[in-house]
Amino acid sequence: MEKLICKSLLWKMELSNGEDYNTTLDKMFLENSNNDLLLELESCSSDSDATFDILQRYWKYKCGDFSVDDFGKCLLEDLKTVYFSNAFIIAEFGKRCYQLWQQLPSEMHTKEPFHTLSYANEPLSWNDEEQTRKLYEDLFDFYK
């Protein structure tokens, strides 16, 4: 479920177009078509906001065996792909990463690697793109 939540979050923050999310959801649903949560997610699979709202409620109230490390690995791997695709200028990427960080549960805000998402774009305010890039690139290596 960590991977699905990760991909939903990236889609909500418009860091992806939702294809990865829907591919992951479809695979999970085919493996467990009796799962009510997956069925509900299939019914709104074209709406990133509705999808994320459902997953956020699940994450908060029903996901007792959530692995922060599995979620973090998926998130950083996908963010790294987006970063190196150059689909966004660094300032926009940083803005979206900050917004993503804001969507995380508060208990994750001060834990690494997630905390870095809250400040990695700050050096841009004094025109230090190199430092911002270093922060992100070091972040992507957190689980290695």
Side-chain angles (χ1 to χ4, degrees), residues 1-125 129 131-144:
M1 199 56 77
E2 292 83 356
K3 186 174 186 178
L4 194 62
I5 293 170
C6 166
K7 299 215 179 274
S8 169
L9 183 56
L10 291 168
W11 184 25
K12 178 164 177 59
M13 297 298 107
E14 298 179 356
L15 287 160
S16 80
N17 62 12
E19 286 179 29
D20 282 350
Y21 166 79
N22 278 296
T23 299
T24 302
L25 173 61
D26 292 346
K27 182 178 184 245
M28 290 175 71
F29 184 69
L30 287 173
E31 293 170 359
N32 190 2
S33 59
N34 293 327
N35 184 305
D36 290 339
L37 174 63
L38 298 177
L39 181 60
E40 183 179 9
L41 291 169
E42 283 286 350
S43 72
C44 65
S45 62
S46 62
D47 184 340
S48 67
D49 291 331
T51 293
F52 186 72
D53 287 346
I54 292 166
L55 280 170
Q56 193 172 39
R57 279 193 311 273
Y58 170 79
W59 194 4
K60 185 172 185 176
Y61 299 110
K62 296 183 181 177
C63 191
D65 60 347
F66 183 81
S67 169
V68 173
D69 286 337
D70 289 347
F71 172 77
K73 287 175 189 175
C74 179
L75 183 65
L76 294 183
E77 185 177 300
D78 287 355
L79 283 175
K80 180 179 181 178
T81 299
V82 173
Y83 174 85
F84 284 111
S85 75
N86 293 315
F88 301 98
I89 62 170
I90 191 67
E92 184 63 26
F93 180 79
K95 176 183 169 187
R96 290 174 193 237
C97 284
Y98 178 75
Q99 291 169 337
L100 183 152
W101 173 80
Q102 290 178 308
Q103 295 296 317
L104 297 174
S106 58
E107 58 271 10
M108 293 172 74
H109 282 179
T110 57
K111 294 184 178 168
E112 290 301 340
F114 312 104
H115 183 65
T116 300
L117 296 171
S118 73
Y119 65 82
N121 63 335
E122 287 180 11
L124 293 176
S125 65
E129 182 176 325
Q131 185 177 358
T132 291
R133 289 193 177 278
K134 180 166 178 19
L135 286 167
Y136 282 120
E137 290 169 19
D138 288 348
L139 174 66
F140 301 142
D141 290 337
F142 182 84
Y143 288 104
K144 291 184 179 181

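Position 1 is the first residue of the sequence, and the numbers go up from there.
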Participant: Can a donor-acceptor pair be found, under 3.5 Å and without considering hydrogens, that links the side chain of T51 to the backbone of C44?
Facilitator: yes
Participant: Using a 3.5 Å distance criterion without hydrogens, assess whether the side chain of D78 forms a donor-acceptor pair with backbone atoms of K7.
Facilitator: no
Participant: Measuring centre to centre across the rings, with the benzene-like ring taken for any Trp, is W59 within less than 6.0 Å of F66?
Facilitator: yes
Participant: Quick one: closest heavy-atom pair of E2 and D65, and the distance?
Facilitator: OE2-O, 3.7 Å
Participant: Going through the checks in order, is the salt bridge (charged side-chain N to carboxylate O under 4.0 Å, His left out) test met by D138 and K134?
Facilitator: CA-CA 6 Å; D138 288 348; K134 180 166 178 19; 2.8 Å; yes
Participant: Among residues at least two apart in sequence or on other chains, which ones pass salt bridge (Lys or Arg N to Asp or Glu O under 4.0 Å) with E129?
Facilitator: R133
Participant: Report yes or no: does S45 contribute a side-chain atom to a donor-acceptor pair with the main-chain N or O of E42 at less than 3.5 Å?
Facilitator: yes
Participant: Just verifying a value: how many Å separate N35 CG and M28 CE, rounded to the nearest 0.5 Å?
Facilitator: 7.5 Å
Participant: Quick one: pull up CZ in F88 and CG in L15 and give me the separation to the nearest 0.5 Å.
Facilitator: 5.0 Å
Participant: Using every non-hydrogen atom in the two residues, find where L76 and F140 come nearest and quote the distance to one decimal.
Facilitator: O-CD2, 3.8 Å
Participant: Table please: side-chain donor-acceptor pairs of residues 95-103 below 3.5 Å, with sequence neighbours left out.
Facilitator:
{"unit_1": "R96", "atom_1": "NE", "unit_2": "E92", "atom_2": "OE2", "d": "2.7"}
{"unit_1": "R96", "atom_1": "NH1", "unit_2": "M13", "atom_2": "O", "d": "3.3"}
{"unit_1": "R96", "atom_1": "NH1", "unit_2": "E14", "atom_2": "O", "d": "2.8"}
{"unit_1": "R96", "atom_1": "NH2", "unit_2": "E92", "atom_2": "OE2", "d": "3.1"}
{"unit_1": "W101", "atom_1": "NE1", "unit_2": "H109", "atom_2": "O", "d": "3.2"}

Participant: T23 side chain to E19 main-chain N or O, any donor-acceptor pair under 3.5 Å?
Facilitator: yes
Participant: Side chain of T81, backbone of E77: donor and acceptor closer than 3.5 Å?
Facilitator: yes
Participant: Quick one: list whatever passes side chain to side chain contact (heavy atoms under 4.5 Å, CB included) with K111, sequence neighbours left out.
Facilitator: none
Participant: Looking only at non-hydrogen atoms, find the nearest pair between K3 and C74 and report the distance.
Facilitator: CG-SG, 3.8 Å
